Amino acid sequence: MDDAYTEAVLSVVESIPPGHVMTYGAIADVVGETLGRGGPRQVGSVMSHEGGGTPWWRVIRAGGRGARGHEIGAREHWLAEGTPLLADGERVDLRRAAWTPPD
DNA sequence: ACCTTGACCTTGG
DNA sequence: CCCAAGGCCAAGG
């Protein structure tokens, strides 16, 4: 069993609907709202170590690119589930795909 | 306690 | 949009 922070992050990631995405910062905000700690880097750390069993490709950087070192695989998933992309096909169109969990 | 590292972000140019 | 600088949070050496 992992600590509460890890569980909170994974829970939010798993709540992201197919075709939508959340940035590391947005996740950090949601989790920080309830646990009062953590930042984007902390979310990245959790994903790096425990993100294997989650839809990790729905977690992206503020600029719309996929996780460092995993841009390729992420893109395939975006294409497969119809995530809105920008013209270059390498970045998610945040204005259309951004999502936030309901209150 | 200090320094480095990391699936990061924002601001200014 | 890209790049460089500075900020940020926590873990590990």
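Note on naming: letters A, B, ... go to the chains in the order of the sequence lines (proteins, then strands), and numbering restarts at 1 for each one. What you see is a predicted model, and the numbers here were worked out from it, not measured in a lab. Computation of the quantities below employed the complete heavy-atom set of this structure, encompassing side-chain atoms and omitting hydrogens, waters and symmetry-equivalent molecules.
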So what does Gly38(A) hit on the nucleic acid, given a heavy-atom distance under 4.0 Å: a base, only sugar-phosphate, or nothing?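 Sugar-phosphate contact only - Gly38(A) comes under 4.0 Å of backbone atoms but never of a base.
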NA contact type, Ser48(A), heavy-atom cut-off 4.0 Å: base, sugar-phosphate, or nothing?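 Touches a base.
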Euclidean distance, atom [atom1] of residue [X] to atom [atom2] of [N] [Å, nearest integer]:
X: Leu86(A); N: dC2(C); atom1: CG; atom2: P; result: 10 Å
X: His49(A); N: dA10(C); atom1: NE2; atom2: C1'; result: 12 Å
X: Ile27(A); N: dC9(C); atom1: CD1; atom2: P; result: 18 Å
X: Tyr24(A); N: dC8(B); atom1: OH; atom2: C1'; result: 8 Å
X: Leu35(A); N: dA10(C); atom1: CG; atom2: P; result: 11 Å
X: Arg61(A); N: dC9(B); atom1: CZ; atom2: P; result: 8 Å
X: Gln42(A); N: dC8(C); atom1: CD; atom2: C1'; result: 10 Å
X: His77(A); N: dA7(B); atom1: NE2; atom2: C1'; result: 14 Å

By nearest atom, which of the nucleotides dC8(B), dA7(B), dC2(C) is closest to the Pro40(A) side chain?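 Side chain of Pro40(A) sits closest to dC8(B).
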Identify which nucleotide among dA10(C), dA7(B), dC1(C) has an atom closest to any side-chain atom of Arg68(A), counting heavy atoms from C-beta outward.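 Nearest listed nucleotide: dA7(B).
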Who is the Watson-Crick or G-U wobble partner of dG12(B), with both distances under 3.5 Å?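 Its partner is dC3(C) (Watson-Crick or G-U wobble, both distances under 3.5 Å).
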Tell which nucleotide pairs with dC3(B), taking only Watson-Crick or G-U wobble pairs whose two distances are both under 3.5 angstrom.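 Across all strands, the one nucleotide that pairs with dC3(B) is dG12(C).
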For dC9(B), take OP1 and OP2 only and decide whether either is under 4.0 Å from a side-chain N or O of Arg65(A).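 Answer no for this pair, as no side-chain N or O of Arg65(A) is under 4.0 Å from OP1 or OP2.
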Looking at Arg41(A) and dC9(C), is any side-chain donor or acceptor paired with a base atom of the opposite kind under 3.5 Å?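 No, the side chain and the base share no sub-3.5 Å donor-acceptor pair.
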May I ask you to decide whether Glu90(A) forms a salt bridge with Arg75(A), counting only side-chain N to carboxylate O separations under 4.0 Å?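 Between Arg75(A) and Glu90(A) there is a salt bridge, with a charged N closer than 4.0 Å to a carboxylate O.
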Side-chain heavy atoms under 4.5 angstrom apart, residues restricted to Ile, Leu, Val, Met, Phe, Trp, Tyr: same cluster for Leu35(A) and Val46(A)?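 Linked, Leu35(A) and Val46(A) end up in one cluster.
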Given Met22(A), which partner from the list Val13(A), Leu94(A), Ile16(A) fulfils the side-chain contact (heavy atoms from CB on, under 4.5 Å) test?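 Going through Val13(A), Leu94(A), Ile16(A) one by one, the side-chain contact (heavy atoms from CB on, under 4.5 Å) with Met22(A) is satisfied by Ile16(A) alone.
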Would a 4.5 Å heavy-atom cut-off, applied to side chains only, mark Val31(A) and Val43(A) as touching?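 A side-chain contact under 4.5 Å is absent here.
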Please measure how far the P atom in dA7(B) lies from the corresponding atom in dG6(C), and state the result in whole Å.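 About 23 Å, rounded to a whole number of Å.
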How far apart are the C-alpha atoms of Glu81(A) and Trp57(A), what are their side-chain angles, what is the distance that settles it, and do they pass the side chain to side chain contact (heavy atoms under 4.5 Å, CB included) test? CA-CA 11 Å; Glu81(A) 61 186 46; Trp57(A) 56 90; 3.2 Å; yes
